[in-house]
Amino acid sequence: MAEEAGRNARQEPQVDVVVVGAGFAGLMLLHRLREAGFSARGFEQASDVGGTWYWNRYPGARCDIPTTDYTFGFDPELEREWTWSEKYATQPEILRYLQFVADRYDLRRDITFDTRVDRAEWDDAAQLWRVHTSGGETVTCRSYVMATGCLSVPKEPEIEGAGRFRGDVHLTSRWPHEGVDFTGKRVAVIGTGSSGIQSIPLIAQQAAELTVFQRTPNFSIPAHNGPAPAARVDQLRADRDAYRESARWSRMGVPGEATELKGVTTPEDVRRQRLESAWEAGELQVITSVFADQGTDPASNEIVAEFIREKIRAVVTDPETAEALSPRDHYFGTKRPCLDTGYFATFNLPHVRLVDLRKTPITTITESGIDTAGESFEVDAIVYATGFDAMTGALVGVDVAGREGVSLQEKWADGPSTYLGLMTAGFPNFFAITGPGSPSVLSNMAVSIEQHVDWVAGCLADLRARGMTTIEPTALAEEGWNRHVADCAAITLHPTANSWYMGANVPGKPRVFYPYIGGVDGYRAAADEVRERNYLGFRLT
Ligand code: FAD
Ligand code: N01
């Protein structure tokens, strides 16, 4: 009876699906939905497509997964029409690629730009979502997908006095479109993660003085940028489909050889040879898999870590600076390692200086510079390369209310809870692309995004074919997946680090391991099996 009444109250939405975000994920999803015959509207707070590659225009911004792999693989025609110019493409080139994709599939006509989704609530009687935008519009849809990115919400600087500075202030993740000319300027960069490490060598080329404020030194290896790696290009040319398929079933979303060698028991000469060739390869996928146990055994990890420190000492001429740049407070790989072009050598330049905030923390930012416990620095510009509220920032940044008005913020107050990183109980027909609990940021995101998009589009088509209206995980399945995500992390060294993977970079953020570390291959197998077994762990109505 109740079900009958419910069915009668069901309303037709304005569109089948609302997609928030127009980066890699939102663009491909809009395309897939259209192909499957669904109506969809996209909303994007930026003025154009691109996501990460729209916002992060700082000098030196590039991908760190080779372009042979950091690219859409779902359409062979698309691949034939686009050629990347380098192993690691620049931000402008990747942005042009995503604009090309939007044009190629005529996607912009479904996207409303300069418009933020602020709020969304599930109407249980009508069986639909009401999505509210900053433009004052309310759109109803049966399914609501947040393709809002894992690294799209800049973290607050949280430094005393940050608002007082009278000079120029720039965030790497919100860089001005017209660029910034630092010629003749005294510049401070705060932060030495990937964004800092990519931008510092180029800022140093312009600035009169550059002071780098480092809280945690990071592991970085040379990118050896240039033409795309011949071995990968040859494999792709020989059999594109096989190459893409092997990426889908690899650990990181990049084809590569797995090793069974363990660090400690490998003879010294073999160790050295493997490390040197990983150094030469300049690929994250290679340096993170020199030894099978480097992510789990501290002794094995130390072999890789010390090899990188040795390389830093060989480049940086001042021993004190070299030591300050050498990571010792976290295991290699437990904070995202970086690829660089001339980063460590930059500190040999006479106008570049490193300030070790572990020894002399920032006490305050003043009107004219930065005060540390040891010294005052007068600067003309401050660059914040201080990172993101990763993985959950964009999701809980929207006021999303599920069944009985429960908000996502409330439900996730102690950390995110998902089934497969895709959905969360109490929020029917609400999907996240590369959500917490999925491989996402631990992988080549292009491959992980394609997997999620195809799963979601396939799921919506399955529901339609069966005459079903809603899908939602059971609390039991979600609990099981959360435990599995935590268990997989617990056998690695990852939880020991103060990383953004652990939420440690944002004060007050729950400390859990946010992504799924079981691998792109293991994850895909699980997601496929759930679908094949009639959406095991989901309730369909
Ligand atoms: P995004 O590209 O982040 O797009 C999400 C979009 O959603 C944004 O445009 C945002 O404005 C919009 N949005 C968010 N919330 C709202 C809202 N409420 N309303 C409206 N719009 C909203 N990954 C790799 O695999 N390899 C790399 O080499 C690599 N390099 C990177 C370099 C940088 C500098 C950064 C920051 C990240 C990098 N990443 C890399 C990760 C990168 O984020 C992903 O590869 C990928 O671009 C993510 O695409 P996406 O569509 O999921 O999210
Ligand atoms: O951010 P981060 P990011 N006072 O969080 C420091 C991807 N990406 O933008 O480590 C002083 O890594 C902070 O110090 P600590 C990639 O996945 C890829 O650089 O917290 N310092 C750290 O040094 C990457 O991992 C590329 O102690 C403060 C830095 O700021 C992710 O995006 C390029 C501070 C932040 O580093 C994020 O990278 C760029 C404070 N209050 C990004 N707060 C590629 O190469 C923070 N810091 C493809």
Side-chain angles (χ1 to χ4, degrees), residues 19-29 42-46 48-58 60-67 69-70 88-89 91 94 98 112-120 133-134 146-160 162 171-173 189-199 213-218 220 223 252-254 284 329-330 335-340 357-358 361-362 384-388 390 393-395 397-398 433-434 440-449 452 497-501 504-507:
V19 177
V20 192
F24 266 92
L27 291 176
M28 179 178 167
L29 184 60
F43 291 96
E44 168 57 63
Q45 64 192 2
D48 196 10
V49 300
T52 287
W53 305 103
Y54 174 92
W55 295 108
N56 291 265
R57 298 174 188 237
Y58 59 84
R62 290 175 186 273
C63 56
D64 63 2
I65 298 285
T67 44
D69 302 84
Y70 190 60
Y88 297 115
Q91 171 273 328
I94 305 173
L98 291 171
T112 307
F113 292 103
D114 296 306
T115 304
R116 205 185 123 74
V117 166
D118 291 325
R119 195 158 57 84
T133 76
S134 57
M146 291 187 77
T148 45
C150 294
L151 295 159
S152 54
V153 176
K155 187 183 83 104
E156 290 297 320
E158 312 124 8
I159 300 176
E160 158 81 27
L171 242 69
T172 48
S173 53
V189 176
I190 303 179
T192 51
S194 303
S195 304
I197 283 178
Q198 285 188 327
S199 57
F213 294 83
Q214 170 194 274
R215 193 162 64 182
T216 309
N218 231 318
S220 185
M252 261 188 72
V254 181
L284 288 177
D329 77 338
H330 62 279
K335 283 170 91 105
R336 167 103 174 183
C338 307
L339 293 188
D340 74 87
L357 299 181
R358 297 274 180 226
I362 296 176
Y384 289 101
T386 40
F388 300 88
L395 297 173
V398 173
I433 303 296
T434 66
S440 58
V441 292
L442 295 175
S443 68
N444 169 7
M445 295 281 283
V447 168
S448 287
I449 285 169
H452 262 200
N498 284 324
S499 66
W500 59 257
Y501 297 137
N505 64 331
V506 177

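Whatever order the structure lists ligands and atoms in, that order sets their numbers, starting from 1.
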Nearest to [atom], what protein heavy atom do you find, and at what distance?
atom: atom 14 (O) of ligand 2; result: Arg215 NE, 3.6 Å
atom: atom 53 (O) of ligand 1; result: Gly149 CA, 3.1 Å
atom: atom 41 (N) of ligand 2; result: Pro157 O, 3.1 Å
atom: atom 10 (C) of ligand 1; result: Glu44 OE2, 3.5 Å
atom: atom 21 (N) of ligand 1; result: Gln45 N, 3.2 Å
atom: atom 51 (O) of ligand 1; result: Ala25 N, 2.9 Å
atom: atom 10 (O) of ligand 2; result: Lys335 NZ, 2.8 Å
atom: atom 25 (O) of ligand 2; result: Trp500 NE1, 3.1 Å
atom: atom 23 (O) of ligand 2; result: Thr192 N, 3.0 Å
atom: atom 7 (C) of ligand 2; result: Leu151 CD1, 3.8 Å
atom: atom 4 (O) of ligand 1; result: Gly51 CA, 3.5 Å
atom: atom 18 (N) of ligand 1; result: Val117 O, 3.0 Å
atom: atom 19 (O) of ligand 2; result: Ser195 N, 2.8 Å
atom: atom 29 (C) of ligand 2; result: Ala385 O, 3.3 Å

Please state which option from [options] has its nearest heavy atom closest to [atom].
atom: atom 34 (C) of ligand 1; options: Tyr54, Tyr58, Trp55; answer: Tyr58
atom: atom 42 (C) of ligand 2; options: Cys63, Ser194, Gly191, Pro154; answer: Ser194
atom: atom 44 (C) of ligand 1; options: Trp53, Phe113, Tyr70, Phe24; answer: Tyr70
atom: atom 3 (O) of ligand 1; options: Val153, Thr52, Val19, Thr112; answer: Thr52
atom: atom 5 (C) of ligand 1; options: Thr148, Ile94, Thr67; answer: Thr148

Within ligand 1, which atoms have a heavy atom of [X] less than 4.0 Å away?
X: Arg116; result: 17 (C), 18 (N), 19 (N), 20 (C)
X: Val398; result: 18 (N)
X: Ser443; result: 25 (O)
X: Asp64; result: 26 (N), 27 (C), 28 (O), 29 (C)
X: Phe388; result: 36 (C)
X: Gly21; result: 6 (C), 7 (O), 12 (C)
X: Val20; result: 16 (C), 17 (C), 19 (N), 20 (C), 21 (N), 22 (C)
X: Ser152; result: 3 (O)

Pair Arg215-Thr192, side-chain donor/acceptor within less than 3.5 Å: no
Exercise: do Asn56 and Ser173 side chains pair donor with acceptor under 3.5 Å: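 Distance-only check fails for Asn56 and Ser173.
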For ligand 1, the portion of Ile449 having any non-hydrogen atom under 4.0 Å away: side chain
Region of Cys150 that comes within reach of ligand 1 [heavy atoms, distance under 4.0 Å]: neither
Met445 N/O under 3.5 Å from ligand 1 N/O: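 Between Met445 and ligand 1 (N or O atoms, distance only) the closest approach is under 3.5 Å.
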Polar contact flag for Ala46 and ligand 1 (N/O pairs, less than 3.5 Å):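 In this structure, Ala46 places no N or O atom under 3.5 Å from an N or O of ligand 1.
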Side chains of Phe388 and Val506 in contact at under 4.5 Å (non-hydrogen atoms):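 No, too far: nothing below the 4.5 Å cut-off.
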Validation row: Ser440, Met445 side chains within 4.5 angstrom (heavy atoms): yes
Sub-6.0 Å ring centroid separation between Tyr384 and Tyr58: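 Not close enough - the centres of the two rings lie 6.0 Å or further apart.
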Ligand 2 versus [X]: contacting region, heavy-atom distance under 4.0 Å:
X: Cys338; value: neither
X: Leu357; value: side chain
X: Phe213; value: neither
X: Tyr58; value: side chain
X: Ile159; value: side chain
X: Ile190; value: side chain

Contact check, Lys155 vs ligand 2, heavy-atom distance below 4.0 Å: yes
Qualifying residues under ring pair (Phe, Tyr, Trp, His ring centres under 6.0 Å), relative to Tyr54, sequence neighbours excluded: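 So Tyr54 forms a ring pair (Phe, Tyr, Trp, His ring centres under 6.0 Å) with His177.
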Distance, nearest 0.5 Å, that separates CD1 of Ile449 from OG1 of Thr434: 5.5 Å
Ligand 1 contacted by Thr115 (non-hydrogen, < 4.0 Å):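 In this structure, Thr115 qualifies as a contact of ligand 1 - some heavy atom is under 4.0 Å.
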Worked verdict on Val254 versus Ile65 for side-chain contact (heavy atoms from CB on, under 4.5 Å): CA-CA 8 Å; Val254 181; Ile65 298 285; 4.0 Å; yes
Ligand 2 atoms in contact with Arg62 (distance to a heavy atom under 4.0 Å): 44 (C), 45 (O), 48 (C)
Thr172, any N or O under 3.5 Å of ligand 2 N or O: no
Phe43: which of Thr133, Thr148, Val19 passes side chain to side chain contact (heavy atoms under 4.5 Å, CB included):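 In the set Thr133, Thr148, Val19, the residue that makes a side chain to side chain contact (heavy atoms under 4.5 Å, CB included) with Phe43 is Thr133.
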